Amino acid sequence: MDRNEEGALETEAAVVGGGLVALATAHALARAGLQVARIAPAPAPRPPGEALDARVYALSPGNVAFLRSLGAWRRVRTERVAPVHAMRIYGDDARTCLAFDAWEAGVEALAWIAEEAEVAAALRADLAPPVAGACLEVQFGAEAAQLRLDRGASLRARLVVGADGARSRVREAAGIAFCEQPYGQAALVANFECARPHRNVAYQWFRGDSVLALLPLPGDRVSMVWSLPESEAARLAALAPQPLCGEVRRASGAALGALVALAPPQCYPLRRARAARTVGPRVALAGDAAHVIHPLAGQGANLGLQDARALGEVLGAREPLRDPGDVRLLRRYERARAEDVLAMDALVHGLARLFAAQGAPIAALRNAGLALLDRLSVVKNLLARRAMA
Ligand SMILES: Cc1cc2nc3c(=O)[nH]c(=O)nc-3n(C[C@H](O)[C@H](O)[C@H](O)COP(=O)(O)OP(=O)(O)OC[C@H]3O[C@@H](n4cnc5c(N)ncnc54)[C@H](O)[C@@H]3O)c2cc1C
């Protein structure tokens with residue numbers, strides 16, 4: 001990193017954020033030949049020993065290939081990762097089932113379930129430590145952006161990437177509007193031990209106004225993401241471990257037998273949000289800073305990793321001497337991502353609305369749709385391919 005005459009740090013690209021998206025972006029930009037400075041808080045301490053992180057992601061094969069190309073996936077310990085060999089998605093009645101199988105799709109796994117902390121540590125291993133823990137303010141100028149950092153530090157960068165989550169300070173400083181829409185739902189997240197082996201099947205139940213997912217973890221353990229109306233989520237979050245296990249077992253039709261909670265559940269309010277633009281002069285947004293979607297398809301972090309991939313590709317293909325903060329160049333990234341983000345948001349939002357709608361006729365219609373989809377192999381393959389990108 002260089003210092004200018006006033007002693008301030010100077011770099012080509014500054015990546016703000018400490019999550020998977022920021023870490024992958026820092027790798028992708030370095031691979032594109034840019035000098036990169038990271039601004040990220042210290043990572044949270046990991047749970048001791050064999051205990052699993054509550055934040056668990058279903059990573060698409062496309063993103064696992066991306067992480068592999070960055071050299072990070074080989075650092076993820078195999079015993080901390082579970083491949084998903086099949087998915088079973090149930091409608092309001094147990095007879096309606098949409099099935100996806102890895103062998104049918106001709107892939108090794110439909111997704112890989114991994115803890116955020118494990119993947120983040122793997123990504124951090126080959127990156128230089130952050131230059132600061134927080135970005136307090138950004139001023140965008142014609143020649144460079146000026147970042148005010150914690151502990152009185154400052155940094156000049158030609159490009160600032162805001163991968164700093166839904167409450168992005170970079171987005172705010174760039175004056176980019178963020179349109180938010182609460183779902184009136186919250187997601188309850190917890191890990192369980194299960195009495196019956198999961199056989200690497202990911203289960204999902206769309207029932208009335210809730211969506212329950214049980215994702216396979218290494219060993220006889222599963223990760224739960226249960227999206228529910230806020231009041232119901234709060235009621236379940238307040239239950240003692242045993243009654244909570246009973247509720248999850250009932251809602252899952254006892255598919256995995258008796259459950260034992262491995263830690264108290266965590267509760268996340270759910271919303272849909274979208275930045276009006278994902279780029280501007282000297283700024284690009286990635287991950288939740290640019291778009292937040294319902295977690296029912298487990299695609300939020302996947303979209304963010306695809307952003308990192310696309311931004312790296314655009315900057316890697318830039319003409320020699322081209323300013324990385326040039327908005328005309330950055331628009332190539334915005335265009336490259338627009339369709340995928342829009343399509344995934346529309347699909348996930350449509351499903352969330354369809355299954356939140358009450359009444360017997362709607363339930364019958366959506367179950368018929370699910371059963372029909374299971375028989376339409378072309379549409380089913382298209383859906384699977386999009387989720388695996
Ligand atoms: C219940 C639930 C389950 C989910 N399951 C899945 C799943 O299975 N698969 C999937 O793909 N997605 C899933 N998602 C979505 C996923 O969690 C998000 O899309 C993803 O975490 C977004 O990553 P991010 O790095 O953009 O943002 P974040 O994870 O929010 O990270 C933002 C980072 O920026 C840092 N930061 C913020 N402000 C500053 C600042 N001023 N200076 C420096 N750093 C800053 C924060 O500390 C943090 O490190 C789920 C979401 C929920 C709510």
Side-chain angles (χ1 to χ4, degrees), residues 14-26 37-44 53-60 62-64 82 84 111-117 119-120 123-124 130-138 147-150 153 155 160-173 183 185-190 202 204 211-217 223-228 233 237 265-273 275 278 285-308 341 344-345 348 387-389:
V15 178
V16 183
L20 292 193
V21 177
L23 291 163
T25 303
R38 295 198 298 122
I39 296 105
D53 207 15
R55 266 185 101 149
V56 165
Y57 294 139
L59 297 172
S60 69
N63 277 326
V64 168
V84 176
W112 301 85
I113 312 293
E115 298 155 84
E116 178 182 64
V119 182
L123 279 162
R124 265 193 305 269
V131 297
C135 169
L136 306 178
E137 201 184 336
V138 191
L147 290 85
R148 192 163 67 79
L149 309 175
D150 57 347
L155 173 71
V160 183
V161 181
D164 48 347
R167 300 268 152 264
S168 170
R169 194 160 281 192
V170 173
R171 186 187 63 227
E172 195 188 303
Y183 275 110
Q185 290 188 330
L188 214 58
V189 175
Q204 207 167 22
V211 186
L212 169 64
L214 293 179
L215 308 173
L217 289 170
S223 158
M224 174 188 83
V225 182
W226 198 354
S227 309
L228 302 132
Q266 293 179 10
C267 203
Y268 298 90
L270 299 181
R271 62 184 178 277
R272 178 193 197 198
T278 44
L285 303 176
D288 277 18
H291 40 69
V292 179
I293 62 171
H294 197 291
L296 67 83
Q299 289 296 322
N302 280 304
L303 279 183
L305 290 172
Q306 288 165 2
D307 292 346
V341 172
M344 188 54 77
D345 175 54
V348 167
M388 287 193 292

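Throughout, residue positions are numbered sequentially from 1 according to the sequence presented. The model shown is predicted, which means the values in this text are computed figures rather than measured ones. Numbering of ligands and ligand atoms starts at 1, following listing order.
With a 4.5 Å cut-off on side-chain heavy atoms, Ile39 and Leu155 count as touching. At a threshold of 4.5 Å between non-hydrogen side-chain atoms, the residues Asp307 and Thr25 do not count as touching. Asn302 has its side chain within reach of Leu59: a pair of non-hydrogen atoms, C-beta onward, lies under 4.5 Å apart. Using a 4.5 Å heavy-atom threshold, the side chains of Arg169 and Val138 count as separate. Between Met344 and His291 the shortest side-chain heavy-atom distance does not fall below 4.5 Å. Considering only heavy atoms from C-beta on, Val160 comes within 4.5 Å of Val16 through its side chain. At least one side-chain heavy atom of Arg124 sits less than 4.5 Å from a side-chain heavy atom of Leu23.
The protein heavy-atom contact nearest to atom 5 (N) of ligand 1 is Tyr57 CD2, 4.0 Å. Looking at atom 29 (O) of ligand 1, its nearest protein heavy atom turns out to be Arg55 NH2, 3.5 Å. Closest to atom 24 (P) of ligand 1, if we only count protein heavy atoms, is Val21 CG2, 3.7 Å. For atom 9 (N) of ligand 1, the nearest non-hydrogen atom of the protein is Gly298 O, 2.9 Å. Of all protein heavy atoms, the one lying nearest to atom 33 (C) of ligand 1 is Gly18 N, 3.4 Å. Annotation: atom 8 (O) of ligand 1 to nearest protein heavy atom, Ala58 N, 3.2 Å. Closest to atom 28 (P) of ligand 1 among all protein heavy atoms lies Gly165 CA, 4.3 Å. The single protein non-hydrogen atom nearest to atom 1 (C) of ligand 1 is Val189 CG2, 3.4 Å, given as residue, atom name and distance.
Rounded to the nearest 0.5 Å, atoms CZ (Arg167) and CG (Asp288) are 10.5 Å apart. Separating the CZ atom in Arg171 from the OG1 atom in Thr278 is a distance of 12.0 Å, to the nearest 0.5 Å. In this structure, Cys135 SG and Leu147 CG are separated by 4.5 Å, a value rounded to the nearest 0.5 Å.
Considering each of Ala22, Cys135, Ala187, the one bringing a non-hydrogen atom nearest atom 42 (N) of ligand 1 is Cys135. Closest to atom 39 (C) of ligand 1 by heavy atom, among Asp164, Asp288, Leu296, Val225, is Asp164.
Take Ser223 and apply the side chain to side chain donor-acceptor pair (under 3.5 Å) test, not counting sequence neighbours, and it matches no residue. Under the side chain to side chain donor-acceptor pair (under 3.5 Å) criterion, Glu116 pairs with Tyr57, sequence neighbours left out.
Residue Val16 has no N or O atom closer than 3.5 Å to an N or O atom of ligand 1. When only interatomic distances are considered, the shortest N/O to N/O separation between Pro295 and ligand 1 does not fall below 3.5 Å. An N or O contact shorter than 3.5 Å links Asn302 to ligand 1 by distance. An N or O contact shorter than 3.5 Å links Ala301 to ligand 1 by distance. At under 3.5 Å, not a single nitrogen or oxygen of Ala40, backbone or side chain, sits near a nitrogen or oxygen of ligand 1. Considering backbone and side-chain N/O atoms, Arg169 never comes within less than 3.5 Å of an N/O atom of ligand 1.
When each atom of ligand 1 is checked for a heavy atom of Gly287 under 4.0 Å away, the hits are 26 (O). Heavy-atom proximity to Gly17, at under 4.0 Å, picks out these atoms of ligand 1: 34 (O), 35 (C), 44 (N). The ligand atoms of ligand 1 that sit less than 4.0 angstrom from a heavy atom of Ala134 are 42 (N), 43 (C). Below 4.0 Å from some heavy atom of Gly300 lie the following atoms of ligand 1, by number and element: 10 (C), 11 (O), 12 (N), 15 (C), 19 (O).
Taking 4.0 Å as the cut-off, Gln266 does not count as a neighbour of ligand 1 on heavy-atom distance.
When all heavy atoms are compared, the tightest approach of Leu285 to Ala275 is CD1-CB, 4.0 Å.
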